[in-house]
Each structure stands twice: as structure tokens, then as C-alpha cells.
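Quick note: numbers below take in every heavy atom, side chains included, and nothing from hydrogens, waters or symmetry partners. Sequence lines set the chain letters: A, B, ... in the order given, protein chains first and strands last, and positions in each chain run from 1.
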Number of protein chains: 4
Amino acid sequence: MMAGSVNKVILIGHLGADPEIRRTQDGRPIANLRVATSETWRDKVTGDRKERTEWHSVVIFVEGLAKVAEQYLKKGSAVYLEGQLQTRKWQDQSGQDRYTTEVVLNGFHCNLTLLGSPGGGNRPPPAGSPEDYGRESSRTPSGGATGPSFSSDLDDDIPFAPEWRG
Amino acid sequence: MMAGSVNKVILIGHLGADPEIRRTQDGRPIANLRVATSETWRDKVTGDRKERTEWHSVVIFVEGLAKVAEQYLKKGSAVYLEGQLQTRKWQDQSGQDRYTTEVVLNGFHCNLTLLGSPGGGNRPPPAGSPEDYGRESSRTPSGGATGPSFSSDLDDDIPFAPEWRG
Amino acid sequence: MMAGSVNKVILIGHLGADPEIRRTQDGRPIANLRVATSETWRDKVTGDRKERTEWHSVVIFVEGLAKVAEQYLKKGSAVYLEGQLQTRKWQDQSGQDRYTTEVVLNGFHCNLTLLGSPGGGNRPPPAGSPEDYGRESSRTPSGGATGPSFSSDLDDDIPFAPEWRG
Amino acid sequence: MMAGSVNKVILIGHLGADPEIRRTQDGRPIANLRVATSETWRDKVTGDRKERTEWHSVVIFVEGLAKVAEQYLKKGSAVYLEGQLQTRKWQDQSGQDRYTTEVVLNGFHCNLTLLGSPGGGNRPPPAGSPEDYGRESSRTPSGGATGPSFSSDLDDDIPFAPEWRG
DNA sequence: TTTT
DNA sequence: TTTT
């Protein structure tokens with residue numbers, strides 16, 4: 001491409017069912033979610049209230065985020081997520097080409113955040129645990145100062161060491 | 001929804017073909033775009049460079065943005081766009097249910113911005129015209145924009161009145 | 001700009017205090033929020049859990065959204081919001097130039113969504129009312145079909161009539 | 001926070017000056033950018049065309065992205081970037097507290113993409129090089145990316161394995 | 001199939 | 001201080 005490209009999806013919605021977990025041959029989880037987003041409006045002519053719900057298929061390949069999904073999400077959970085659009089081609093029983101578009105969380109530029117579950121209150125992953133679930137543990141918080149009082153030693157307590165990115 | 005929901009797609013990519021323009025019965029344009037995004041990476045094992053291109057179907061219902069697409073976009077144009085995910089159900093010739101997922105620009109929370117065209121240099125819509133193409137004309141950098149009447153704002157020409165923010 | 005520009009901020013966080021409401025001369029509300037976002041990580045060396053909280057100043061000029069803030073937000077409320085970055089210049093008592101950067105919700109491309117309040121359960125604006133609060137009332141839901149079975153009459157029940165955008 | 005929080009800034013704009021590069025004690029670059037975004041509108045009363053430009057201070061701590069900035073960005077370059085808002089406190093000469101808000105690229109959820117430079121055509125980083133500049137090299141379009149070890153993925157070169165998604 |  |  002002439003210039004870098006961007007492919008980003010941001011959703012806030014609720015799960016229509018418990019996550020489905022699959023596993024790779026070496027046991028890492030992959031989570032599939034069905035997420036509903038909805039919007040309401042009032043018909044300008046009749047004044048009736050209307051609602052439209054959109055259903056999204058979400059696939060989480062990032063191991064740490066798939067584990068969070070497995071452990072903390074359930075039917076009805078509210079989530080914030082960032083991923084990218086991907087369309088897969090497959091063949092139906094009659095051999096015809098079919099296409100399915102999914103929101104994929106994979107590699108960088110992905111995110112999954114719990115916004116609460118029905119019944120379960122708004123309980124996030126218990127303190128001490130999310131960092132044990134892979135990538136999210138490594139979220140770097142800040143880089144400190146860059147202005148007048150700029151000071152060095154950026155990696156003192158910064159999760160993503162350079163070797164990570166090298 | 002327990003809490004409001006969000007359904008947002010952000011793409012930067014290039015058009016794979018000229019926009020297709022359809023029209024409503026009363027003549028307003030609806031633009032369909034095919035937009036490619038791509039990412040490259042290096043195979044960790046072989047070290048080979050790899051690329052994956054994703055194609056997105058985009059439908060622009062916002063009149064002003066569809067006119068911009070009609071007039072300024074062509075095969076190869078680079079665009080930034082914001083819309084939402086929608087999946088439509090339809091029947092194929094054999095009567096089977098089929099689903100197509102598109103990025104839809106409709107209502108608020110949408111955006112379309114030209115990032116340059118091949119050959120045509122990086123020429124944006126000519127000065128003086130974009131505002132004539134519908135919604136974008138109505139962008140009120142401050143105040144305003146609260147309802148159909150749109151009229152009369154104190155601060156039409158005082159975009160960001162500091163006295164309000166103390 | 002050679003190419004259109006984009007200036008977008010997306011926050012999910014909690015209010016550190018009740019909204020402050022100011023009013024324009026003609027009585028329209030402007031809401032100021034203090035929103036906290038936080039992130040946690042584990043120190044790679046010591047293993048200690050760390051947290052960093054960022055505070056954001058948010059100003060809502062969109063009348064409908066300011067009314068929602070006034071009526072439904074309070075200290076502790078969780079919100080999703082989309083706005084843009086703006087830096088204001090002002091003079092302190094000694095006459096020196098000072099700068100303040102805020103997240104401004106103004107014109108198009110803004111959004112404010114409640115994600116729940118403490119104590120108050122996760123009660124959103126009561127049914128029937130949000131549409132009475134200005135711009136959000138006009139959120140258009142969808143545009144219908146564009147593919148194989150494309151059918152006309154897009155405006156039948158679509159809030160944003162063309163006159164709105166023209 | 002009750003629920004995870006999000007702090008995201010997305011900008012498309014132009015550099016007002018060449019990047020400023022600082023270095024940590026161990027030689028890693030940190031890039032500071034001044035990025036302009038602008039918007040135009042027509043005064044609803046006078047019909048005059050108006051423009052407002054916003055200037056953003058951007059700090060890039062991610063080593064690979066800072067190197068890209070150092071090598072490929074210059075005054076006038078157009079960029080897409082994703083980072084987060086951070087406000088630093090510092091003391092001026094008179095000892096007074098001052099605050100500066102910046103867009104920080106640090107850790108995950110960051111991005112920097114070139115959209116073209118004046119004169120320089122729309123030339124992106126030369127093929128073969130971007131992967132040599134740190135983090136971006138590590139983008140794993142699928143699987144992978146779960147921790148510092150990074151090693152051995154079944155699917156290193158099968159970016160989007162369909163058999164996993166049924 | 002969620003949520004309000 | 002960019003860009004158009």
C-alpha cells in the first residue's frame with residue numbers, strides 16, 4: 001500500500017452466550033464470542049421507539065485474552081473490545097464458496113476489557129490474576145517525563161523491556 | 001443494553017475499484033466501495049516477508065459523504081473512514097439464507113476523509129465545495145448541532161469560546 | 001491539510017466528581033467532567049503490582065449530551081466517550097501564558113454513553129427520554145440492504161431525513 | 001476501576017517540524033513530534049470559510065516506532081498514530097506547578113503509520129526495513145504474541161488458520 | 001442469542 | 001510550526 005493501512009473494530013456490547021473455547025494442538029485456548037450491539041431511535045413519522053441489534057462474531061487468538069474470556073466472560077457479560085475485520089472463505093456442503101466476516105483479536109492492537117456481568121455485579125478479574133494471563137500482564141503504563149524534568153531510566157519498572165520489541 | 005453499546009470500524013486503505021453509485025428513488029446517491037487494507041510481517045521461522053490483504057465492503061448512506069465518494073474517489077484512492085459493522089441476510093438463487101457483512105456509514109459517528117489518489121496527486125475536494133455536499137457542510141466545530149432546526153447559534157463564528165470553560 | 005485530518009479521543013473511565021454544569025446566555029448547558037482512566041501492571045523486577053491513574057478534563061458542548069451528563073452522571077459513574085483533543089491558551093494571574101488540554105465533545109464525531117453508576121445500579125436514561133435530549137435523539141440506526149435484494153425507500157423510518165444533512 | 005478503562009487517541013495530521021530525538025542512557029531513541037490537525041467549516045451566518053488548527057505534542061517511547069519516526073518522518077510528513085493521553089506535572093522556574101498533556105505511544109495499543117511526505121512522494125519505509133525497527137517487527141498476524149518468550153508458534157506462517165474457527 |  |  002502507498003501508505004500504511006489501518007483495520008480496526010471497536011465494540012461495546014453484551015455476550016449472547018457463554019464463550020466457546022477451542023484449543024490448539026499445544027493446548028492454547030482460542031475463544032469465540034457472540035457479541036450484541038444495539039441502538040435505539042424514535043421513528044420520526046410515527047414517533048414509535050425502534051431498536052436494532054447487530055450480532056458480531058468475535059475470535060480471540062491472543063492467548064492471554066482468550067484465557068480472560070474463558071475465565072471471566074459468560075452469557076450477558078458486557079465487554080469492550082478492539083480487534084480487526086477479517087473475512088474467511090469456506091465451502092458449504094454443496095461446494096459453493098461462502099464468506100464469513102469476523103472481528104479478530106490477534107497480535108498487537110487488540111484489547112479486551114470487562115465492563116460487568118449480570119448478577120455477578122461489576123466484578124473485574126480478581127486482583128493479582130489478570131497479569132497471569134499472558135499478554136495483558138505486560139501492559140506498559142507510562143513512559144514518564146519527556147519535558148522540562150525529563151529523566152532517564154525508562155525501563156526501571158516498565159513491563160515491555162526492549163528485548164521484547166527487538 | 002445494560003449500558004450503551006458501541007459499534008465502530010476505522011479503516012485506512014485503498015479502493016480496489018471506482019466507487020459504485022446507486023440512487024434512491026428521490027435521486028440521492030448511495031456509494032459502495034471496495035477497500036483493501038494490508039499488513040506485512042516476517043515469518044519467524046523462514047524469515048520470509050509475508051503480506052495479507054483484507055477486502056472490505058463499504059456502503060455510504062450519508063448523502064454528503066456519498067457525493068464526496070462519487071466525485072473524488074476512484075480506483076486506488078486512499079481513504080480514512082469510520083462506520084459501523086452491519087450484517088445483512090439475503091437469499092441466494094436456491095433460496096438459501098446468506099449473510100453479508102459490511103461497513104456502513106450512516107447517521108452520526110461516521111466519517112470519510114481522502115488521503116490521496118494515485119496520479120491525481122493528493123488533491124482534496126476543491127476549496128469551497130465540500131461544504132456543498134451535505135452533512136459535512138453542517139459540521140459545527142462548536143456549540144450548535146443539537147437538532148433538526150440547526151439554526152442560529154450565538155457562536156457560529158466563535159468556535160471554541162474560552163469564557164465557557166473557565 | 002494535504003489530506004483530511006482526524007483528531008479523536010476515546011475514553012472509558014469513571015467520573016471523579018459530579019459533572020459541573022455551566023450555561024450559555026440562552027440557557028443551554030455545557031458540562032465539564034473529570035474522568036479517570038487507570039491501568040495496572042506488574043513490575044518486572046520486583047513483581048509488585050502497580051497502578052497509574054490518568055485524569056482527563058472533558059467538556060461537552062453538544063446540548064443533548066450535556067443534558068444527559070447533567071441528568072444521569074454523577075461521581076463514580078462509568079462512561080464511554082468520544083471527542084477531540086483541544087488545547088486552550090489562557091493567562092494566569094501574573095499574566096503568563098498557560099495552556100490547558102481538554103477532551104471536547106462538539107459537533108459531529110462525538111459520543112457519550114453511560115456504562116453504569118455506583119449504587120444506582122446500571123440504570124441508563126429512562127426509556128422514552130434520551131430522545132428528548134437533543135442530538136442523540138436523531139441517531140440513525142441503519143440503512144438497510146444494499147446487496148442482491150437492494151430495495152429503495154431508505155427514508156421510511158430513518159431518523160436523519162435528507163433535509164437534515166442538506 | 002470497576003471495569004477496565006480505555007485511554008486512546010487517534011490522530012491523522014502533519015508534522016510541523018522534524019522529529020526531535022532524545023536518547024535513553026543506553027542509547028534507545030525517544031521521538032517527540034508536533035502534529036497538526038485541522039478542520040474547516042463555513043460560518044453559518046456570514047458564509048465565510050473558517051479553519052482551526054490544533055497542535056498536538058506526541059512522544060514515542062516504543063523503540064521501533066521511534067526509529068521509524070527518526071528515519072522516515074520530517075517536517076510536513078502526514079501520519080496516522082494511536083496512543084494515549086497523559087498529563088505530566090512539572091515546575092516552572094518560579095516553582096509553580098505546571099501541567100503538560102501529551103499523546104504518548106508506549107506499550108501495546110500504539111501505532112504509527114506514514115501517510116506520505118511532501119516532495120518525498122508517498123514513499124513508505126523501504127521494503128525489508130520496517131521489520132528491522134523493533135516492535136513492529138514482532139507483529140504476529142495470528143497466534144503468537146502472548147509473552148516475552150515469543151517463541152515457537154505452530155502457525156507462524158499460517159496467519160489465519162481457518163480450521164480453528166470452524 | 002445479549003442488554004435496557 | 002503542518003497541510004489545503
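Results of the side-chain contact (heavy atoms from CB on, under 4.5 Å) test with V79(C) over L115(C), L112(C), T113(C) single out L112(C) as the only residue that passes.
The S38(A) side chain lies nearest to dT3(E) when the options are dT3(E), dT3(F), dT1(F). Here the nucleotide nearest the side chain of W55(A), chosen from dT2(F), dT1(E), dT4(E), is dT1(E). Between dT1(E), dT2(F), dT4(E), one nucleotide has an atom nearer to the side chain of K75(A) than all others, and that is dT1(E).
With sequence neighbours excluded, the residues forming a side-chain hydrogen bond (donor to acceptor under 3.5 Å, both in side chains) with W90(C) are T100(C), listed by chain and number. Judged as a salt bridge (charged side-chain N to carboxylate O under 4.0 Å, His left out), and not counting sequence neighbours, the contacts of E70(A) are R23(A).
Using a 4.0 Å heavy-atom criterion, one finds that T53(D) contacts the bases of the nucleic acid, with or without backbone contacts as well.
Rounded to an integer number of Å, the gap from L11(A) CG to dT1(E) P is 21 Å. Y80(C) has its OH atom 18 Å from the C1' atom of dT3(E), to the nearest Å. Here the P atom of nucleotide dT4(F) and the CH2 atom of W41(D) are 19 Å apart, to the nearest Å. Computed from coordinates, the E51(D) CD to dT4(F) C1' distance equals 7 Å when rounded to whole Å. In this structure, CZ of R52(A) is placed 18 Å from P of dT2(E), rounded to the nearest angstrom. Regarding H14(A), its NE2 atom lies at a distance of 11 Å from the P atom of dT2(E), rounded to whole Å.
Ion pairing between a basic and an acidic side chain is recognised when a charged N comes within 4.0 Å of a carboxylate O; R49(A) and E51(A) show no such pairing.
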